[in-house]
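The structure appears below as structure tokens.
The basis for the numbers below is simple: all heavy atoms, side chains too, and nothing from hydrogens, waters or symmetry mates.
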Amino acid sequence: MNGATQRARPEDFLELVRRARRGKLRLYLGFAAGVGKTYRMLEEAHTLKERGTDVVLGFVETHGRADTAALIEGLEVVPRRKIAYRGVLVEEMDLDAVLSRRPEVAVVDEIAHTNVPGSRHRKRHHDVLAILEEGINVIGALNVQHLESLNDLVERATGVRVRETVPDAFLKQADQIVNLDLAVEDLLERLKAGKIYAADKVVWAQENFFRETNLSTLRELALREVAESLERLAPGKAKPGEQSARSVGRVMVCMSSYPPRAASLLRRGSRLAGRLNTDWFVVYVETPREAPHRIDSEAQRHLLENIERARELGAEVVRLQAEDPVPALLDFARAHAVKDIVIGRSHQPFWRQLLGQSPPLRLVREGEGFDIHIVSTDEREERP
């Protein structure tokens, strides 16, 4: 046997087997409530049932829309799990019941939903991943504004901070993405006709999220997102991590122990990696003055939260130790085929920046061969 040939490991084959058994994910992506995501999923469920497919409704939210509710009739519904929380009985998707039922296809609505405390997983998209891992196919739905990496862009464009988000890494799990597009004028007509919200909420919706400029922006984002996703899913396209590092390169986000703005920086890195269809790293350099026993408990907590956030967004998190962060970052980047480096603006005193001693300016000066992105981010401290 050729000594240069890499020996196959049993765990490699096991991973291939697991991938083959994993369920397929079909996502309906919209730009606002009322474009017809749930309706189309239910129509598809009926079609699958007529063709002999074992399909169940894992969780469907009709929002009181009569035409949508009518489509539930004739389909098997998995009873919801009731959980008492703060004196209120909350209904959630019963993940264990879906897994126990083991259908061929499960329909799951409102994927960006945050589960009530006491659930197996914090977010519904985690439930969906668990269903897929058991070999069950999923048809699901979400709106583009719930994508984590678009959070800042959506807030700047609409003035609305979306609290429930799904990491872009989840979207990359989809085997098929269907864009439910609708003219903004038609959507507003549906709103006025009471087909989206109850009559007493229509005026409030028009004055807030359902402004024409907001909807136009979200529609454009949805169209762009689906186009990029279809590009990634096109036959013959390399999957993340399979591109030539020389031709595409990876993305590295430099994260400091300084907590403000980290969430925005991570979203920017996730977005860039998604557009390049490549892997990305989040690298934190621990200097002697930032050793765990030398930084306060609040800074440590923020750091751990940001590391967890980075992993949720699909990054590989790396912690380095060095006296000087800049050479450590550049050495790592050169060793791991990084092409794009993302770093936030410096919070150091102006005089240090003026002398070119801040990490961003040093990266620009010393990082020959890299594309350096110095990101201006929101000053607010953000919560997960």
Side-chain angles (χ1 to χ4, degrees), residues 27-41 61-65 67-68 109-114 123-125 140-168 170-171 174 177-230 261 263-268 270-272 274-275 313 375-384:
L27 277 180
Y28 282 94
L29 187 71
F31 67 91
V35 297
K37 301 181 300 299
T38 306
Y39 193 92
R40 284 284 298 276
M41 286 197 302
E61 181 57 71
T62 67
H63 295 287
R65 297 164 196 152
D67 53 349
T68 303
D109 208 354
E110 305 281 349
I111 284 180
H113 171 75
T114 301
K123 305 280 287 187
R124 187 168 291 157
H125 77 265
L142 76 154
N143 284 325
V144 69
Q145 64 265 29
H146 292 287
L147 286 178
E148 174 75 18
S149 71
L150 293 176
N151 206 252
D152 303 315
L153 183 57
V154 169
E155 184 177 21
R156 286 198 300 270
T158 68
V160 177
R161 167 64 66 171
V162 178
R163 298 296 174 186
E164 294 190 312
T165 59
V166 171
D168 287 42
F170 176 82
L171 195 66
I177 297 176
V178 180
N179 179 36
L180 282 185
D181 191 25
L182 187 68
V184 171
E185 296 80 6
D186 293 340
L187 184 62
L188 289 173
E189 283 300 318
R190 295 198 67 196
L191 177 69
K192 293 173 186 175
K195 294 181 178 180
I196 301 176
Y197 297 126
D200 60 334
K201 293 184 178 179
V202 170
V203 174
W204 176 87
Q206 287 176 312
E207 293 174 351
N208 290 274
F209 199 76
F210 273 72
R211 293 197 297 268
E212 187 171 350
T213 52
N214 288 357
L215 295 175
S216 297
T217 299
L218 293 171
R219 182 173 182 242
E220 183 181 336
L221 286 175
L223 291 170
R224 188 189 311 163
E225 188 62 41
V226 171
E228 291 174 359
S229 297
L230 291 176
R261 303 169 292 171
S264 297
L265 191 66
L266 293 174
R267 283 194 283 268
R268 190 69 63 89
S270 171
R271 194 81 190 140
L272 179 60
R275 286 185 172 175
L313 285 169
V375 176
S376 177
T377 51
D378 199 329
E379 290 291 339
R380 293 171 306 175
E381 172 64 13
E382 299 180 61
R383 297 288 186 255

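The nearest pair of heavy atoms linking G30 to A222 is O-CB, 4.4 Å. The shortest heavy-atom contact between L215 and A32 is CD2-CB, 3.9 Å. Of all the heavy atoms in L182 and R219, the pair that sits closest is O-NE, 3.3 Å. Considering all non-hydrogen atoms of both residues, F210 and A33 come closest at CZ-O, 3.5 Å. Taking every heavy atom of both residues into account, I111 and L27 meet most closely at CD1-CD2, 3.6 Å. Summarising the geometry of L191 relative to V202, their closest heavy-atom pair is O-CG2, 3.5 Å, with the distance given to 0.1 Å.
Under the 3.5 Å distance criterion, the side-chain polar atoms of T217 are matched with a main-chain donor or acceptor of T213. Formation of a donor-acceptor pair under 3.5 Å by the K123 side chain with backbone atoms of T165 is found in this model. Side chain of R211 to main chain of N208: a donor-acceptor pair is present (N/O by atom type, distance under 3.5 Å, no hydrogens or angles).
Each of H125, E164, R124 was checked for a side chain to side chain donor-acceptor pair (under 3.5 Å) with T114, and the lone residue meeting it is E164. Paired with T38 under the rule side chain to side chain donor-acceptor pair (under 3.5 Å), one option of D109, T68, T62 passes, and it is D109.
The shortest distance between side-chain heavy atoms of V166 and L171 does not fall below 4.5 Å. Within the 4.5 Å cutoff, no side-chain heavy atoms of F31 are placed close to those of L221. By the 4.5 Å heavy-atom criterion applied to side chains, Y28 and V35 are not counted as neighbours. E148 has its side chain within reach of D168: a pair of non-hydrogen atoms, C-beta onward, lies under 4.5 Å apart. Counting only heavy atoms from C-beta outward, the side chains of K195 and D67 never approach each other to under 4.5 Å.
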One pair to check against side-chain contact (heavy atoms from CB on, under 4.5 Å): L142 and L29. What are the steps and the verdict? CA-CA 5 Å; L142 76 154; L29 187 71; 4.0 Å; yes
Between Y39 and R65, is the side-chain contact (heavy atoms from CB on, under 4.5 Å) condition met? List the steps. CA-CA 10 Å; Y39 193 92; R65 297 164 196 152; over 6 Å; no
Residues V162, E155; criterion side-chain contact (heavy atoms from CB on, under 4.5 Å); working and verdict: CA-CA 7 Å; V162 178; E155 184 177 21; over 6 Å; no
side-chain contact (heavy atoms from CB on, under 4.5 Å) between I196 and L187, intermediate numbers included: CA-CA 9 Å; I196 301 176; L187 184 62; 3.6 Å; yes
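When the shell of 6.0 Å around CD of E212 is examined, it contains 12 or fewer heavy atoms from other residues, nucleotides or ligands.
Distance check, rounded to the nearest 0.5 Å: CD of E110 to NE2 of H146 gives 7.0 Å.
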